[in-house]
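Worksheet for the structure shown next.
Heads up: numbering here begins at 1 and tracks the sequence. Everything quoted here is computed from the prediction, not taken from an experiment. Just the heavy atoms: all of them, side chains too, but no hydrogens, waters or symmetry mates, feed the values below.
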Amino acid sequence: MKGKVPELPEVETIKNELLPHIVGRQVTGVTLFWEGIVHQPSVKEFYSRLTGQRLTGLTRRGKYLIFSLTSSEVLIIHLRMTGSLLIGQGSSEPPKYTRAIIHLDKDINIFFRDPRKFGVMRLVENADSIVGKLGPEPLGAGFTPQILAQRLANRTAPIKALLSDQTFIAGIGNMYADEALFAARIHPVRPGRSLSSAEIERLHRAIQRVLWSAIGNKGASVENYFRPDGTPGTAHFQFQVAHRLGGKLCPVCGTPIERITVRNRGTYFCPHCQPQNQPIKNSPPSSGQPTQAPTL
Ligand SMILES: [Zn+2]
């Protein structure tokens, strides 16, 4: 299960495809089949404060969906491991594992489907109380190779762990970290600060290319992710290394893809295209410590 959760491209797709159905709609009620899905405020307050509000917009920050309301409050949804938001019209039955329904006028329902029940809804006055600590948006104008270089300086953690750390950069998880590192030809256990400026530029480009491509393919339906209309995304068909177990070969050089564990996360890479020893050229001064052997 770990590592197959919705990431930026999946959440961005949900935002894009939900938006036209919900903006301007009024919340006529909420049905909770699993009260634990509401983390803030109390369930009672959640009902009373959300009902009657109009949805004025929907944005994404990292892996969070932020619904703006006519009051100054925002509804923040995090799908976590297995959540999806599905649009239902008229009297359509809630799909299996629906934990909550947000009822809107014009007979529209948002079904929060979540088999494993890790998803979270919060109604808060200030979105920053939840998303304020997130790192930069990788597709935002402010995310440049220079910013990435600054954030990598002095970081000893493996680059794979940094890319999936939401306070380092927002929205990337296990799948797209593996894909970006493969595209940039960087070994996942390299310490952040060991990357050369040429590698940082490659990584920056790879992150944006991999994410834009996955958004273009409407996200990756490896496990439980569905688009709001219930159809799967196709981004996983483009994966070069992520989840390529079972003797899959590197699409570039034909070497078998390897799986290691980096900070408890299954990590896929090509040992030939992503050599562990950093290139000598263009390396910034670093600690000189050897990189760690992969934990098998
Ligand atoms: Zn290869």
Item to complete: Of all the heavy-atom pairs spanning Ile200 and Pro145, show the shortest one and how long it is.
Response: CG2-O, 3.7 Å
Worksheet item: Taking all non-hydrogen atoms of both residues, which atom of Phe112 and which atom of His78 are closest, and how far apart?
Response: CZ-O, 4.0 Å
Worksheet item: Relative to each other, are the rings of His243 and Phe239 parallel, tilted or perpendicular (30° and 60° limits)?
Response: tilted
Worksheet item: Checking Thr255 side chain against Cys250 main chain: does a donor-acceptor pair fall under 3.5 Å?
Response: no
Fill in: Side-chain heavy-atom pair Phe226, Arg113 within 4.5 angstrom cut-off
yes
Worksheet, complete the sentence: Connected to Phe237, directly or through other members, by ILVMFWY side-chain contacts below 4.5 Å are none
Worksheet item: What is the distance from atom CZ of Arg99 to atom CG of Asp114, rounded to the nearest 0.5 Å?
Response: 6.5 Å
Practice prompt. Check whether any side-chain heavy atom of Thr156 sits under 4.5 Å from a side-chain heavy atom of Arg193, and report yes or no.
Written response: yes
Worksheet item: Is the side chain of Ser71 donor-acceptor paired with the backbone N or O of Glu73 at a distance under 3.5 Å, no angle test?
Response: yes
Discussion item. Set out, in order, the CA-CA distance, both residues' side-chain angles and the distance that settles side chain to side chain contact (heavy atoms under 4.5 Å, CB included) for Leu104 and Val27, then state yes or no.
Written reply: CA-CA 4 Å; Leu104 307 177; Val27 179; 3.9 Å; yes
Item to complete: Quick one: closest heavy-atom pair of Leu32 and Ala100, and the distance?
Response: CD2-CB, 3.7 Å
Practice prompt. Please assess Leu139 against Gln208 for the test side chain to side chain contact (heavy atoms under 4.5 Å, CB included), listing each intermediate value before the final yes or no.
Written response: CA-CA 6 Å; Leu139 300 177; Gln208 295 197 329; 4.1 Å; yes
Worksheet item: Judged by atom type as modelled, is there a donor-acceptor pair below 3.5 Å linking the side chain of Asn109 to the main-chain atoms of Phe111?
Response: no
Worksheet item: Out of curiosity, Leu148 CG to Arg151 CZ, how far, rounded to the nearest 0.5 Å?
Response: 9.0 Å
Worksheet item: Would the Phe143 and His204 ring centres measure less than 6.0 Å apart?
Response: yes
Practice prompt. Could you tell me the separation between the OG1 atom of Thr267 and the NE2 atom of His187, rounded to the nearest 0.5 Å?
Written response: 9.5 Å
Worksheet item: Would Leu69 and Leu55 count as a side chain to side chain contact (heavy atoms under 4.5 Å, CB included) if you check the C-alpha gap in whole Å, the side-chain angles of each, and the deciding distance to 0.1 Å?
Response: CA-CA 5 Å; Leu69 307 167; Leu55 302 174; 3.3 Å; yes
Item to complete: Treating Ile, Leu, Val, Met, Phe, Trp and Tyr as nodes and any side-chain heavy-atom pair under 4.5 angstrom as an edge, say whether Val38 and Met81 lie in one connected cluster.
Response: no
Worksheet entry | Gap between atom NZ of Lys44 and atom CZ of Arg49 - 0.5 Å precision | 12.5 Å
Practice prompt. Answer with yes or no whether the side chains of Tyr176 and Glu10 bring together a donor and an acceptor at under 3.5 Å.
Written response: yes
Worksheet entry | Arg185 to Cys273 - nearest heavy-atom pair and separation | CB-O, 3.3 Å
Practice prompt. Could you pull out all residues at least two apart from Asp105 that satisfy side-chain hydrogen bond (donor to acceptor under 3.5 Å, both in side chains)?
Written response: Arg25
Worksheet item: Under 4.5 Å between side-chain heavy atoms, hopping through other hydrophobics if needed: is there a path connecting Leu8 to Val131?
Response: no
Discussion item. Just so I know, are the side chains of Lys160 and Asp178 near enough to count as touching, which here means a heavy-atom distance under 4.5 Å?
Written reply: yes
Worksheet item: Which atom pair, heavy atoms only, marks the closest approach of Ile257 to Leu249?
Response: CG1-C, 4.0 Å
Discussion item. If you define the side chain from C-beta out and look only at heavy atoms, does anything of Val241 sit under 4.5 Å from Phe269?
Written reply: no
Practice prompt. Spell out, yes or no, whether Val11 and Ile169 are grouped together once hydrophobic residues are joined by side-chain heavy atoms under 4.5 Å, including indirect joins.
Written response: no
Worksheet item: Is the backbone of Arg54 close enough, under 3.5 Å, to the side chain of Thr70 for a donor and an acceptor to pair up by distance?
Response: yes
Worksheet item: Are any of the side-chain heavy atoms of Leu79 and Ile14 separated by less than 4.5 Å?
Response: yes
If you look only at distance, which donor and acceptor atoms sit under 3.5 Å apart when one is on a side chain in residues 119-126 and the other is two or more places apart or in another chain?
unit_1 : atom_1 : unit_2 : atom_2 : d
Asn126 : OD1    : Asp128 : N      : 3.0

Fill in: Leu152 CG to Leu163 CG distance, which is reported to the nearest 0.5 Å
8.0 Å
Worksheet entry | Backbone of Ala170 reached by a side-chain donor or acceptor of Glu137 within 3.5 Å | no
Worksheet item: Got a donor-acceptor contact below 3.5 angstrom from the Glu7 side chain to the Asn174 backbone?
Response: yes
Worksheet item: Mind checking whether Arg116 and Arg80 have side chains closer than 4.5 Å, heavy atoms only?
Response: no
Fill in: Flag, side chain of Thr231 to backbone of Asp229, donor-acceptor distance under 3.5 Å
no
Worksheet item: Just by distance, do the side chain of Gln166 and the backbone of Ile172 share a donor-acceptor pair under 3.5 Å?
Response: yes
Worksheet item: Taking it one step at a time, do Tyr97 and Thr82 satisfy side chain to side chain contact (heavy atoms under 4.5 Å, CB included)?
Response: CA-CA 10 Å; Tyr97 306 120; Thr82 59; over 6 Å; no
Practice prompt. Spell out, as yes or no, whether a donor-acceptor pair under 3.5 Å connects the side chain of Gln274 to the backbone of Pro188.
Written response: no
Discussion item. Would you say that Phe67 contacts Ile102 through its side chain, given a criterion of any heavy-atom pair below 4.5 Å between the two side chains?
Written reply: no
Practice prompt. For the residue pair Leu85 and Pro228, establish whether any side-chain heavy-atom pair is separated by less than 4.5 Å.
Written response: no
Practice prompt. Verify the cluster assignment for Phe118 and Leu65: are they in a single hydrophobic cluster under the rule of side-chain heavy atoms below 4.5 Å apart?
Written response: no
Practice prompt. Can you spot which of Ile66, Ile76, Ile130 makes a side-chain contact (heavy atoms from CB on, under 4.5 Å) with Arg61?
Written response: Ile66
Worksheet entry | Expected output: side-chain Thr31 to main-chain Ile101 donor-acceptor under 3.5 Å | no
Worksheet item: Between Ile77 and Trp34, is there a shared hydrophobic cluster once you connect ILVMFWY residues whose side-chain heavy atoms come closer than 4.5 Å?
Response: yes
Item to complete: Measure across Ala161 and Arg263 and return the closest heavy-atom pair with its distance rounded to 0.1 Å.
Response: CB-CG, 3.9 Å
Worksheet entry | Reported NZ-to-SG distance for the pair Lys248 and Cys270, which is rounded to 0.5 angstrom | 15.0 Å
